[in-house]
Amino acid sequence: MPNVSLVWLRHDLRLCDNPALHDAAQQGAVVPVFVWDPDGEAPWQPGGAHRWWLHKSLQSLRSDLEAAGSRLILREGPAEQALLDCAESVGATHLHWNQRYEPTLAAQAQTVADALNAAGCTPVFHETQLLHDPEGVETTSGGPYHVYTPFWKKVTGHDLLRTDAPPLGAPDLSGTVPDAWPDSTSVHDLRLHPKHHDGTDWTGGLADTWTPGEAAAHERLQYTLNHVIADYETERDRPDHDGTSRLSPYLHHGEISPLQVWQAVTDWADANDAHEEAKPYLQELVWREFAYHMVHHYPTIPDETYRDKFKDFAWTDDAEALQRWQQGQTGYPIVDAGMRQLRETGWMHNRVRMIVGSFLTKDLLIHWYHGERWFWDHLVDGNLANNAMGWQWSAGSGADAQPFFRIFNPVSQGERHDPNGDYVRRWVPELRDLPTSDLHAPWEASTRTLRKAGITLGDTYPKPIVDHSQARDAAMAAYDEVR
DNA sequence: GAGCCCTTGTG
DNA sequence: ACAAGGGCT
């Protein structure tokens, strides 16, 4: 009977550069297991868009594993029970997994480790989620960083990134296989297919936009190298262009590792003598590192305001305004375009994320937590650390936040970053026939222009939910209170 | 303790 | 020009 190891797959749904899979394969037979255990991740159970992606990703991984002579065992939680049962049924001596830094997932893994240890199955964990260990990056005086730029300088200037060894290849899983496989449910029976809150199916837009899976991740990486990185510094601010990597959901589900991306981009920079061009993109990967660094050291960041001063901030409780923001009916075209892009595709351009974030927290004075929750449920790339950090940054309550007085103007942001109006016309088609000069502020268009474009404000498209100039003054006054 | 610096801006 | 204040070396 061969030595058998379980590999507990979580947000690492790939064969290549997967240390848990790789090490387990070197020790004998491997049983890859995925456990659907949303309650084990409470209070941050995976959102709807995440579930849709996961469904596709598991199908892809299962077929990749089968092509490699292995299988994917699917179970439902609690994770520790499912894994114990699998371990006993195949006589596994070890359980391998890749460590996670989300507080919820780290806690879940601790429960699993305790349960398996007690049953005589040795837990072994590996590092691959990040390019560095959050415990290993400290300021000169000791302690975690709270500001991005010194963090960037530290990790890139002191070889603190785990980038010296090349990514691992695909493991050989067909050499030794277990004598028998544990029972498995089907992807379908996990019932991951999401519905909108109002019961409608939203997955058509997701399917039109995305191809989950490891192979697709590498295709998109190749596209990024060929078409994105060189002009990333300026193009990343153009939501009307395909100027970003769109690798975030693949990274989130672990269909590609940050090391694979980092190595590919730096190799590209070497080959093209283009290190300056590559830097802004690499900095984004380190922002992801920084977000996990923060959530590791401050695990309440997803749930609680980071800066104490903001604990007493006078947020408004306006359910109707929140709903109009969620549905993309604020009357500010760039905001509505972003929120509709999110609802339909599970993704929003980062520039627009900042604009809608500023709008919710500054113009509407609604608590960032509502934005975080909505994004969590609708983003295919919604990872806990980035989402929490982004929202607290927008609100001004987070680490290294924008100054409170920096309140995005949704009109000038639209004009600057969507200068031809292509993005707004794509997502807010009822404004399609407005001239570009009026597109980002339809309420300022003449009656005649509106009529010619077939628009009746308040009927075919909302009037602005707030007057930005007044809202700005109100926000400044409210923020003055917590300064 | 001094001095430098700070993702993405606005009117 | 302006907008604070605090992180970091």
Distance check: side-chain N/O of [X] vs OP1/OP2 of [N], anything under 4.0 Å?
X	N	result
Thr140(A)	dT9(C)	yes
Lys309(A)	dA4(C)	no
His146(A)	dC8(C)	yes
Asn409(A)	dG9(B)	no
Arg472(A)	dG11(B)	yes
Arg406(A)	dT8(B)	yes
Gln283(A)	dT8(B)	no

Using atom [atom1] of [X] as one end and atom [atom2] of [N] as the other, report the distance to the nearest whole Å.
X	N	atom1	atom2	answer
Asp480(A)	dG5(C)	CG	C1'	14 Å
Phe151(A)	dG6(C)	CZ	P	23 Å
Phe408(A)	dT8(B)	CZ	P	8 Å
Phe310(A)	dG6(C)	CZ	C1'	13 Å
Tyr479(A)	dG5(C)	OH	P	16 Å
Trp152(A)	dC8(C)	CH2	P	17 Å
Arg351(A)	dG9(B)	CZ	P	5 Å

Could you provide the dot-bracket string of DNA chain B, using ( ) for intrastrand pairs, [ ] for crossing pairs and | for bases paired to another strand, with Watson-Crick or G-U pairs below 3.5 Å? .|||||..||.

Determine the contact category for Glu233(A): base if any of its heavy atoms lies under 4.0 Å from a base atom, sugar-phosphate if only primed atoms, P, OP1 or OP2 are that close, otherwise nothing.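 The answer is nothing, as Glu233(A) stays clear of every strand by at least 4.0 Å.
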
Pick base, sugar-phosphate or nothing for Arg416(A), based on heavy-atom distances below 4.0 Å to the nucleic acid. sugar-phosphate

Less than 6.0 Å separating the ring centroids of [X] and [Y]?
X	Y	answer
Trp262(A)	Tyr281(A)	no
Tyr250(A)	Trp53(A)	yes
Trp8(A)	Trp97(A)	yes
His50(A)	His11(A)	yes

Do you know which two heavy atoms are closest between Ala337(A) and Tyr423(A), and how far apart they sit?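 Closest approach of Ala337(A) to Tyr423(A), heavy atoms only: CB-CE2, 3.7 Å.
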
For Thr128(A), the option from Arg14(A), His22(A), Arg100(A), Gln260(A) that meets side-chain hydrogen bond (donor to acceptor under 3.5 Å, both in side chains): Arg14(A)

May I ask you to decide whether Asp381(A) forms a salt bridge with Arg353(A), counting only side-chain N to carboxylate O separations under 4.0 Å?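 Between Arg353(A) and Asp381(A) there is a salt bridge, with a charged N closer than 4.0 Å to a carboxylate O.
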
Given dC8(C), dT10(B), dT8(B), identify the nucleotide with an atom nearest to the side chain of Tyr145(A).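 Of dC8(C), dT10(B), dT8(B), dC8(C) is nearest to the side chain of Tyr145(A).
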
Using atom P of each nucleotide, how far apart are dG6(C) and dG1(B) to the nearest Å?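 So the two P atoms sit 16 Å from each other.
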
Residue pair Gln341(A) / His349(A), side-chain donor-acceptor N/O under 3.5 Å: no

